[in-house]
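Presented below is the structure to which this report refers.
Computed from a predicted model, the values in this text were never measured in an experiment. Each chain gets a letter, A, B and so on, in the order its sequence line appears, and its residues count up from 1.
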Number of protein chains: 4
Amino acid sequence: MPRPPGHGPGFEVRRQKIIDVAASLFAEQGYAATSINDLGRAVGLAKGALYYYIVSKENLLIEIQSRVMRPLLSRARQIAELDEDPLLRLRLLSESLLTIIFRRLDHIWVYEHDYRSLSGDELETLLGQRSDFEHLVSGLLAEAVDQGIFRALQPRLATLQFLNLHNHTYQWVRPEGQWDAAFLSREYCATLFRGFGASDNALPDVEERAAAFKRDRPDLPLDPEAEWTPAAVGG
Amino acid sequence: MPRPPGHGPGFEVRRQKIIDVAASLFAEQGYAATSINDLGRAVGLAKGALYYYIVSKENLLIEIQSRVMRPLLSRARQIAELDEDPLLRLRLLSESLLTIIFRRLDHIWVYEHDYRSLSGDELETLLGQRSDFEHLVSGLLAEAVDQGIFRALQPRLATLQFLNLHNHTYQWVRPEGQWDAAFLSREYCATLFRGFGASDNALPDVEERAAAFKRDRPDLPLDPEAEWTPAAVGG
Amino acid sequence: MPRPPGHGPGFEVRRQKIIDVAASLFAEQGYAATSINDLGRAVGLAKGALYYYIVSKENLLIEIQSRVMRPLLSRARQIAELDEDPLLRLRLLSESLLTIIFRRLDHIWVYEHDYRSLSGDELETLLGQRSDFEHLVSGLLAEAVDQGIFRALQPRLATLQFLNLHNHTYQWVRPEGQWDAAFLSREYCATLFRGFGASDNALPDVEERAAAFKRDRPDLPLDPEAEWTPAAVGG
Amino acid sequence: MPRPPGHGPGFEVRRQKIIDVAASLFAEQGYAATSINDLGRAVGLAKGALYYYIVSKENLLIEIQSRVMRPLLSRARQIAELDEDPLLRLRLLSESLLTIIFRRLDHIWVYEHDYRSLSGDELETLLGQRSDFEHLVSGLLAEAVDQGIFRALQPRLATLQFLNLHNHTYQWVRPEGQWDAAFLSREYCATLFRGFGASDNALPDVEERAAAFKRDRPDLPLDPEAEWTPAAVGG
DNA sequence: AATGAATGAGCATTCATTCAT
DNA sequence: TATGAATGAATGCTCATTCAT
C-alpha cells in the first residue's frame, strides 16, 4: 500500500490508532452503519484530517482484515510445518486461532461480518487467504486419518466441523470472561478428537431410532415449516 | 360485489413474494447495503408501490427473522417435549435446525448477520427467542449428562459447542450440494455424541504434549501476533 | 365547477360531507400537512373513491374558501344597503362576521391560514372578495365620519382596525365557550364606537408622556432588538 | 495557528444569514410548502452544505420563533415593571410589539402561521411564552381598571381585544409604507384607551336598535348562512 | 359508485469524499 | 498536519393523482 511521500515519524503510529478505532466502531455498529464522521469523532480528528491518514473507508476494511489474517496465516503455516504428530499440531492451531479471536474480537467481528462489503480484487485476496487457512486444517486432518488416529472422515466435512466450532465462537465469547483461549481450545479439541476418533464407541442405535421416528411419526415432521399432521391414532 | 375495504386477494401473495426477494437481497449484499430502490428494481415495482405492501425496511427484517424463528422454536419445543431419550431428541432437533438452514438459507444469513440492525423492542424479542432455543438445547444436554450418557460437561459450554457447530453451517452450505440436512445432522451428532460421550477413550496425552510444547518452544508462541523469537538452540 | 355528468341523487350530499371533513382536517393540521390519505380515512372512503367526488386537493381549498366567503359577502351587502344609520349597520355587519366565525371556525382557520396555497387565478378571486368586504366596511365607516358620529379618521386605518379586531378572533375563540357572537359583537363595537367617537374624551396626555419617555430613557429603547444601554445616571 | 475544532469565524454569520433567508421563504410560501431544496437554492448552497449549518428544518422554525419571542418578552417585562402609570406602559408595550412586527415581518408571519408545525416540547415552550406575554398585557389592563382609568372590563376579553388589534397587523402591514410602528401604536391606543375609558360617552342606543332590528326583521338574519326569508310586508 | 394497485416526483436527511487554506 | 467548507449522489419514505375493474 503505497503511502504519500514525506510523512513525519508519528504518521504510522496515528494511522494504526485510527484503524484500531475503526475496527472497534465497525464491530459495534457494523461497517455500513458506521460513518466517517463517527470515526472522526471517536478519533478526535476532523473529517478532512482523517483522510490524510486513510485512503478510503473500504481500505480500512481491508487493513482490518489483513491485520487478522496475515499473522494468523503465518503462524498457522509455522505450526503446520512442525515436526509433530497431527493431533498436537491441530491442537496448537486451534489455540492459535482462538487466541486471535480473543485478542482481536472486534477485528474478527468485522472480518466475519463485513467481508462481503469488499469489492472484487480485495475480496478475492481475502477469500484466497481463507482458503489457504482451510487447507492447512484439511491437511492436518487428513494426516490424522491416514495415520489411523481418526476414523475415515470426509476431509472436507471434518474441516468444516473444525472451522464451524472455532469460528462461530466470536459470536458469544467475552474476552474478559471465565474462559480463555487455551481452555476453549482444550475443550473443543476434546470434543473433536474424541468425536473424530477411530475407536468405535459411538452410541450406536441413535440413527436407527431417528430413522424409525421419522417413519412412525409423520405427524411431527422435522421440517419446522412443514404442516403439522394430527397424529395417527394407532390400532 | 364490492369487496370489503383493505386489500385484494392477491395482496398477501405479492407481499410474501416481496419479503422473499428482500431476504435474498439482504442475504446477498447485507441489510444495510441493500436499498429500497434495489428491492423495487428486483421486484419490478416502483418505490411508491413497494410501500403499498411493506411498512418499512426494518419491518422487512423483522418479518424475515420471524419467518425463521417462529416455526423453528415451535417445532423445537415439540421435539424437546417428546417422550424419548435425550440423545434422540437432540438428534431430531439438530436435523430440524439444519433443515431450516437448508430451506431458508437466505433468511438465515439475514438472521445471523443483521439482527443488530433491529431497534430496541424488536431486538429484545429476537434475543429472547434465541435464548429460548438455547435453553431447549441446554436442557437436553443436561438430561444426557444426568443419565450418564455424556460425561460431566459444563452445560453452557456444551450448548455453545452444539450451536457453534450447527449455526455456522450457513456460512458455507450449498442447499443444492451433495449433502442434505439429514446427512449433516448425522455427521454433526456423530461428532458431538462421541465427543461428549462418557467412555474415556480420549487421546489422553495431547494436552500434556501441548503444555510441553508451549514450555519448550517459547520461540513459537501460539499468539499469532506475538513476536517471533529466534529458536533457542538447546545444549 | 362542471361536474361529470350522470350522478345519482346522493352525490352532492356526500360531496358536501367530504368537504366538511376536509375543512376540519385542514383546520386541525394545516392544508399542506393533511394528506389525501388522511382525508380518505376520516371519510371512510378509499383514495380512489375520493377522487370520484373531489377534483383535486387544491379544489377542496377553493370550495372551503367560497363556502365562507360567498354567504358572508352576500349578507354583508344586504346589510350595507339597509336604510339604517351607519352605526347600526356596522354593528349588524360585525355580528354577521362573528357569527360565521363561530359557526364555521374550521373553515375560517383554513381561510385565514392557507389561502396562500392557492394558485394564481383562484387566489385573485379570493383576494377580490376580501377586498370587496373591506370596501363595505370602509364605506360604512366613512359614512359615520361624514355624519360626524366618528371623528375624522383615516378611513383605511379605521377599516383595518375594525378588521383586525374581528378577524383575529378565530385564533382563540371557542364556539362552545362562555361568549357568543352577539356578545363579542357588542363588546367589539362598544370599543370601536367609543374609540372612534367624536367626543374628545381621550386620555389626553399619554402621547406627550410617551414622547417624553422615549426622549428621557434612551437606555430603554422600545425596539425589542435594540441594545440595552445602561441607564444614564442623572445629576 | 490551528484553530480549535468546531467552526470557523464565518460560520455563525452565514448561519444567521441562512436563517434570515429561511424566514423570508417560510413567510412567503409557508413552512410546510418550503422545501430544503428551495432554501438551498435561495442561499446558493447545495443541500449537503446547508446541513453543515442547520440541524434540521424544524430547528429553523424554532430559531425563527425565538428570534422574535425572546427579545419581545424581555423588553415587555422591562416595560411592565416600569414605575409609570399603566396607560403609559400599555402604550410603550404596544409600540414595542408593533416595532418588532415592522422590523421582522417575515419572522412574525412564520411565528403566527406555522407554530402548529412544532412538535411537543418546542410547542409547549412557545405557547408558554405567548401566555407570558398575554399575562403582562392582562396585568396592565387590570391595573388601569383598578385605578378607575378604564371602566369595568372583563380582563380576559380586554386583553384579547388588545392582542387582536395588534397581532393581526402583520397580515397587511407594509414596513416601507406610509405608517410606522409609532404611528400605528398611537392610533391603536387612541382607539383602545377611548374605547375602554371610564367616561360614559358611548353611543347608547345602538344596542337597543340592533335588538329591535333582529326582532323586526326575521327576513334578514345576521347569520350569513341562514336562509333568506322574503321580507314580511308590514301593515 | 367504489376499489386496490400503481406511479413518479418530491421530501428531509446522511454520506464518502475533496480541497483550498 | 489539520481544518472548515462544500459537493452530489443516495437513502428511506410520503404524496397527489390515475386507472382498470
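- If you take CD1 of B:I36 and P of E:dG10, they are 21 Å apart, rounded to a whole angstrom.
- A heavy-atom distance below 4.0 Å to DNA chain F is reached by these residues of residues 42-58 of chain B, ordered by number: B:K47, B:G48, B:Y51, B:S56, B:K57.
- Using a 4.5 Å cut-off on side-chain heavy atoms (C-beta onward), B:T34 and B:E28 make no contact.
- By the side-chain hydrogen bond (donor to acceptor under 3.5 Å, both in side chains) test, B:R130 pairs with B:Y111, sequence neighbours left out.
- Partners of D:E225 under the salt bridge (Lys or Arg N to Asp or Glu O under 4.0 Å) rule, at least two apart in sequence or in another chain, are C:R103, C:R104.
- Within residues 17-34 of chain C, no residue approaches DNA chain E, by heavy-atom distance under 4.0 Å.
- Within the 4.0 Å cut-off from OP1 or OP2 of E:dA2, at least one side-chain nitrogen or oxygen of C:R14 is found.
- In this structure, B:N37 atom CG and E:dG8 atom C1' are separated by 12 Å, rounded to whole Å.
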Only pairs under 3.5 Å count here: list side-chain donor-acceptor contacts from residues 37-51 of chain A, not counting sequence neighbours, and write none if there are none.
residue	atom	partner	partner atom	Å
A:D38	OD1	A:S35	OG	3.4
A:D38	OD2	A:S35	N	3.1

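- The side chain to side chain contact (heavy atoms under 4.5 Å, CB included) check on B:T125 picks up B:Q129, with sequence neighbours excluded.
- The CG atom of D:N59 sits 14 Å away from the C1' atom of E:dT13 (whole-angstrom rounding).
- Within residues 111-126 of chain D, no residue has any heavy atom closer than 4.0 Å to DNA chain F.
- Not counting sequence neighbours, A:Y53 has no partner by the side-chain hydrogen bond (donor to acceptor under 3.5 Å, both in side chains) test.
- Stem analysis of DNA chain F (at least three stacked-register Watson-Crick or G-U pairs, each with both distances under 3.5 Å) gives E:2-21 with F:2-21.
- Ring centers of A:H7 and A:Y52: under 6.0 Å apart, within the cut-off.
- The salt bridge (Lys or Arg N to Asp or Glu O under 4.0 Å) pairs that include a residue from residues 111-123 of chain D number zero, where partners must be two or more places apart or lie in different chains.
- In terms of phosphate contacts, D:S35 brings no side-chain nitrogen or oxygen within less than 4.0 Å of OP1 or OP2 of E:dG10.
- Side-chain contact between B:L61 and B:V110 is present, with heavy atoms from C-beta onward closer than 4.5 Å.
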For residues 13-22 of chain D, which side-chain N or O atoms pair as donor and acceptor with protein atoms under 3.5 Å away, sequence neighbours left out?
residue	atom	partner	partner atom	Å
D:R15	NE	D:E12	OE1	3.3
D:R15	NE	D:E12	OE2	3.2
D:R15	NH1	D:E63	OE2	3.0
D:R15	NH2	D:E63	OE1	3.2
D:R15	NH2	D:E63	OE2	2.7
D:Q16	OE1	D:R67	NH2	2.6
D:Q16	NE2	D:E12	OE2	2.7
D:D20	OD1	D:R67	NH1	2.7
D:D20	OD1	D:R67	NH2	3.2

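- Not a single ring-ring contact (aromatic ring centres under 6.0 Å, His included) links D:Y115 to another residue, sequence neighbours left out.
- Side-chain atoms of A:E58 and A:S119, non-hydrogen and from C-beta on, do get closer than 4.5 Å to each other.
- Close to F:dA5, at under 4.0 Å from its OP1 or OP2, lies a side-chain N or O of D:H7.
- A ring-centre distance under 6.0 Å is not found for D:F26 and D:W109.
- The CZ-C1' distance, from C:R15 to E:dA2, rounds to 18 Å in whole Å.
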